[in-house]
Structures are given as structure tokens and as C-alpha cells.
Amino acid sequence: MKYLAEEKECQGLNDFFVFGINYNKASAEIRGKYAIDTSTAETILNAGSTIDATDLILLSTCNRTEVYGLGNMEVVIQKVSEVIGQPADSFEKYGYKLKAKAAVFHLFKVASGLDSQILGDFEIAGQLKQAAKFSKKFGRLSNLTERLVNFALQASKEVKSKTQLSKGTVSASYAAIELIQEIHPQADSIKILLIGLGLFGENVGKNIRHYLPNARLTVANRTLMKAEMFAHHHRCSYLPFEKVGEVINAYDVVINTAAVEAVLIKPEHVQRNGIAFLDMSVPGGISPDVQQLGCTYYNIDHISAILNKTLAARQAEVPKALDIIQYHIKEFVEWHKVYLQRWLIYRVKDLLFELDCAESTVPKEKKVQNALNHLVVNIKKDPYKGCHVLGAINEYLKN
């Protein structure tokens with residue numbers, strides 16, 4: 001935060017705040033109670049002067065609900081809590097309240113994926129952009145806050161393009177796809193049996209369909225109707241759960257995501273080598289002994305090792321991302337210094353156009369702009385307004 005160390009440089013941001021809850025201290029169940037849908041957002045943004053804030057941005061995702069604004073944070077907390085039907089002090093218990101430079105830094109980290117549940121998840125940047133756009137429709141986004149968000153989004157874009165913060169998979173369901181592609185270079189034409197269609201199993205199945213569209217997928221589930229419905233919606237075949245042990249030899253890859261009390265697939269079920277078994281449930285449903293029959297075997301720990309390697313690589317990129325963020329914060333501060341003196345600049349511009357001087361070969365509009373550029377540069381250096389105005393007039397007259 002070294003670029004925001006001087007409070008006098010950001011005096012207009014002393015009332016900038018953010019409060020909210022996220023995955024760090026609040027469970028998914030609790031976060032759900034604080035979710036702000038479109039209708040609720042409209043109610044809050046239409047609250048008028050009673051909410052005591054000129055600017056408001058409502059950012060609500062599955063992992064967080066945050067309110068950014070300019071104004072009286074405590075009054076806004078009371079109003080938002082009232083609208084969503086939750087106690088105001090819960091933001092102390094489950095969340096956070098930040099002001100001024102701390103709030104600015106938080107915004108930049110959120111936009112750049114440094115505060116995401118999955119490090120490097122840049123989906124939040126698009127959600128922030130949409131939230132700001134929505135606020136602008138209701139007149140709740142001043143030039144100051146809009147520029148602040150734009151600087152944060154510029155930082156996010158540079159972090160994404162110049163670091164490896166989002167490289168590699170951090171999804172276990174997608175890690176399975178990567179592993180299949182590594183085992184079978186021609187993975188798009190193989191036969192895959194997926195056992196178990198819980199939430200995780202469904203994600204694995206959907207990823208197979210998306211990334212390996214030509215693979216011949218078969219699904220099995222304890223509830224046959226669920227397997228039938230999945231097969232209908234995702235262009236694959238299905239079979240009864242109890243038939244799994246009888247058919248595994250017809251497949252190149254067998255994936256188990258079903259939690260079972262006893263081992264589902266044993267060595268005696270395997271009649272040929274070369275089958276790849278991925279056991280992604282705990283407790284496992286596939287015996288590791290299938291490896292003795294010339295088959296490959298991976299469990300959830302192998303998948304986790306892939307994810308941990310990816311996360312470690314992303315974590316190593318954090319310092320580089322923070323440097324980029326600090327640079328863009330510094331750029332915002334430089335813009336903000338001029339923004340604070342915008343009325344002075346407008347007044348000097350009017351004054352220069354009214355001022356008579358000796359005839360010059362330089363067009364008046366160009367002379368005025370040169371003088372204003374001189375003024376802006378000096379404003380960024382130090383706060384002596386009077387001297388800067390005189391300097392701008394002198395710059396104008398000398399041409």
C-alpha cells in the first residue's frame with residue numbers, strides 16, 4: 001500500500017468503503033442468506049438519500065456479497081441489512097468492513113483474482129464490471145468510482161496477461177479430463193464408464209462431454225432414473241448400477257465418483273490389461289490391486305497432487321501480480337490528484353480563453369492546452385495551487 005500511504009493524496013477517497021462477507025469466514029449456507037438478486041439490488045439502489053451514499057456497487061456471487069460505496073458506511077450497512085433481512089452486526093461476525101486506502105486495495109485484489117476462493121479465478125472481474133454497469137443505470141456511479149473500477153479492471157487484465165496466475169486446472173473434475181488426455185492421446189475417441197452421478201460426478205460427466213465430445217460415454221448410478229435423465233440430456237448411454245462389474249472390460253477408462261461402503265470393482269472383475277481406473281471417491285470404490293493386472297490406477301490423492309502443483313505455481317505468481325496492482329494504484333492516485341483539482345483546471349481554462357495577449361503564430365486553443373498540461377504536471381508534483389495557476393498563465397503568455 002505504499003502508493004496510498006499519503007492520505008492527503010487521496011482525501012476524496014476517505015469516504016470510500018467496502019463491507020461484505022465471503023468464503024473466508026462464511027459457509028455457503030450463510031452466504032446464501034446475504035445474496036443480493038436483481039430485485040433486491042434495485043431496492044437498495046433506489047433507496048435515495050436515506051441510504052446516505054452517493055455511490056454504490058453491489059457485487060453478489062456464489063462466493064461473496066460485497067457493497068462498495070462513497071458515503072456513510074454504517075448507515076449503508078443498516079439499510080442493506082434491513083433489505084436482505086439479516087442483522088447488521090453479522091458483517092462483523094462473518095465479514096469485513098474496510099475504508100479509504102484499505103478498501104481501494106481490496107477492490108484491486110478482488111478484480112485481479114487474488115481474493116477468489118480459487119486463486120487466479122478471473123470470472124469475478126466480469127461480475128464486477130457488470131455490477132458497476134448496473135449501478136450506473138440507477139445514478140449510483142460517479143466519475144470517481146467509475147474510474148476507480150476501471151483502473152482495477154485494467155490491473156486485472158494485465159495480471160491475467162503478464163502472469164501465470166490462472167494457468168493450469170484447479171478443478172478436480174477437470175483434472176480428471178487432463179489425466180485421461182495424458183493417458184490416452186486420442187482421448188476423444190475412447191470408451192469411458194462413469195460411475196456415480198452426484199454433484200461431483202455430474203461435473204465430471206459434463207466435462208467429458210464438453211472437452212471430449214466424441215468419446216463414447218456410459219453412466220451408471222444407483223438411481224437408474226437419474227442416469228437415464230443424464231444420458232438423455234448429455235448424449236450418452238446408461239446402464240444399471242449393479243451391472244458395472246460385468247461390463248468394465250469393454251471400456252478404456254473407468255471413473256468412479258460414487259461413495260460406496262464396499263469395494264465395487266475388484267481384480268477378479270478385470271479380464272484385460274490397459275484399462276485406466278480413476279477412483280475419485282472417499283472411501284474408494286476401486287481396488288488398487290487392479291494395477292497388478294497391467295492396468296493404471298489413480299485415486300483422489302493423485303488428483304489432489306495435480307491440483308496442489310497448480311496452486312503452488314499460482315501462489316508463486318502472487319508477488320508479480322501485487323507489483324502490477326501497486327503500479328495501477330499509483331496510476332490511479334496520479335489521476336486522482338488532478339481529479340481533486342478539476343474545478344480549478346476548468347476555471348483556469350476559462351480564464352486563459354478570456355485573457356488577451358500579444359499576437360502569436362500559435363493557435364489560441366493549442367496555447368491554452370499547453371498551459372493546462374503544464375498546470376496538470378505541476379499539480380501532480382505538489383499542492384501549491386496559487387503558484388501553479390501563475391505558472392500556467394506564464395506558460396500561456398510566453399508563446
Side-chain angles (χ1 to χ4, degrees), residues 1 4 7 10-111 115-117 124-125 127-152 332 336 339-340:
M1 294 300 296
L4 288 176
E7 290 286 353
C10 284
Q11 56 185 287
L13 289 174
N14 286 342
D15 291 330
F16 181 72
F17 64 80
V18 59
F19 64 87
I21 64 169
N22 62 18
Y23 63 92
N24 282 318
K25 295 171 65 176
S27 66
E29 181 181 0
I30 293 173
R31 296 198 301 272
K33 296 177 180 179
Y34 291 82
I36 298 176
D37 59 19
T38 301
S39 177
T40 305
E42 289 179 356
T43 300
I44 295 171
L45 294 173
N46 277 322
S49 59
T50 60
I51 206 165
D52 198 15
T54 56
D55 294 20
L56 285 176
I57 298 175
L58 310 175
L59 181 62
S60 186
T61 73
C62 59
N63 289 324
R64 70 182 65 242
T65 292
E66 293 184 335
V67 178
Y68 295 89
L70 274 176
N72 189 321
M73 178 167 62
E74 296 303 327
V75 173
V76 178
I77 289 175
Q78 291 292 332
K79 184 63 178 181
V80 170
S81 300
E82 175 188 323
V83 173
I84 65 177
Q86 297 297 325
D89 61 2
S90 57
F91 287 105
E92 295 279 4
K93 182 178 181 180
Y94 298 118
Y96 40 89
K97 300 191 299 184
L98 304 169
K99 292 188 68 175
K101 55 187 178 181
V104 170
F105 190 49
H106 179 82
L107 171 65
F108 275 72
K109 288 198 301 179
V110 168
D115 195 64
S116 298
Q117 187 169 22
I124 190 67
Q127 294 165 329
L128 173 62
K129 184 177 182 179
Q130 289 303 313
K133 185 178 180 180
F134 190 73
S135 293
K136 192 172 184 177
K137 285 174 55 180
F138 292 83
R140 289 290 191 176
L141 194 68
S142 68
N143 186 47
L144 173 60
T145 305
E146 184 173 22
R147 289 297 294 267
L148 177 60
V149 170
N150 287 340
F151 272 95
F332 170 74
H336 187 248
Y339 176 80
L340 289 175

Taking atom [atom1] of [X] and atom [atom2] of [Y], what is their separation to the nearest 0.5 Å?
{"X": "Thr40", "Y": "Glu42", "atom1": "OG1", "atom2": "CD", "answer": "9.0 Å"}
{"X": "Ile21", "Y": "Glu66", "atom1": "CD1", "atom2": "CD", "answer": "10.0 Å"}
{"X": "Glu82", "Y": "Thr43", "atom1": "CD", "atom2": "OG1", "answer": "10.5 Å"}
{"X": "Thr54", "Y": "Asp15", "atom1": "OG1", "atom2": "CG", "answer": "8.5 Å"}
{"X": "Asp89", "Y": "Tyr94", "atom1": "CG", "atom2": "OH", "answer": "9.5 Å"}

For the residue pair Phe19 and Phe91, does the interplanar ring angle fall in the parallel (under 30°), tilted (30 to 60°) or perpendicular (over 60°) class?
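Aromatic pair Phe19/Phe91 classed perpendicular.
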For Leu148, run the side chain to side chain contact (heavy atoms under 4.5 Å, CB included) check against Leu107, Leu70, Asn143, Ile57 and tell me which one passes.
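With Leu148 as partner, side chain to side chain contact (heavy atoms under 4.5 Å, CB included) holds for just one option, Leu107.
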Identify, with sequence neighbours excluded, every residue that meets side-chain contact (heavy atoms from CB on, under 4.5 Å) alongside Thr61.
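Partners of Thr61 under the side-chain contact (heavy atoms from CB on, under 4.5 Å) test: Leu59, Asn63, Arg64, Ile124, Gln127.
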Sequence neighbours left out, cut at 3.5 Å: what donor-acceptor pairs do the side chains of residues 133-141 make with other protein atoms?
residue, atom, partner, partner atom, Å
Ser135, OG, Leu56, O, 2.6
Ser135, OG, Ala131, O, 3.2
Lys136, NZ, Glu146, OE1, 3.4
Lys136, NZ, Glu146, OE2, 2.8
Arg140, NE, Leu45, O, 3.1
Arg140, NH1, Ala53, O, 2.3
Arg140, NH2, Gly48, O, 3.0

Could you list the donor-acceptor pairs under 3.5 angstrom formed by side chains in residues 28-36, with sequence neighbours left out?
residue, atom, partner, partner atom, Å
Arg31, NE, Cys62, O, 2.9
Arg31, NH1, Ala26, O, 2.7
Arg31, NH2, Cys62, O, 3.4
Tyr34, OH, Ser90, OG, 2.4

When you measure from the side chain of Asp55 to the backbone N and O of Ser142, does any donor-acceptor pair fall under 3.5 Å?
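Side chain of Asp55 to backbone of Ser142: a pair is present.
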So, for [X] and [Y], which heavy atoms are closest and what is the spacing to 0.1 Å?
{"X": "Ser81", "Y": "Ala88", "answer": "OG-CA, 3.2 Å"}
{"X": "Ala111", "Y": "Ala152", "answer": "CB-O, 3.8 Å"}
{"X": "Ala103", "Y": "Phe16", "answer": "CB-CD2, 3.6 Å"}
{"X": "Leu98", "Y": "Met73", "answer": "O-SD, 4.0 Å"}

Check the pair Arg147, His336 against side chain to side chain contact (heavy atoms under 4.5 Å, CB included), reporting the backbone distance first and the verdict last.
CA-CA 9 Å; Arg147 289 297 294 267; His336 187 248; over 6 Å; no
Using the side chain to side chain contact (heavy atoms under 4.5 Å, CB included) rule, take Leu128 and Val110 through it: C-alpha gap first, then chi angles, then the decisive distance, then the call.
CA-CA 9 Å; Leu128 173 62; Val110 168; 5.6 Å; no
Candidate pair Val76 and Phe17, rule side chain to side chain contact (heavy atoms under 4.5 Å, CB included), full reasoning:
CA-CA 10 Å; Val76 178; Phe17 64 80; 3.8 Å; yes
Looking at Lys25, I want to see if its NZ is surrounded by more than 12 non-hydrogen atoms of other residues, nucleotides or ligands under 6.0 Å.
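Yes - once you tally the heavy atoms of other residues, nucleotides and ligands closer than 6.0 Å, there are more than 12.
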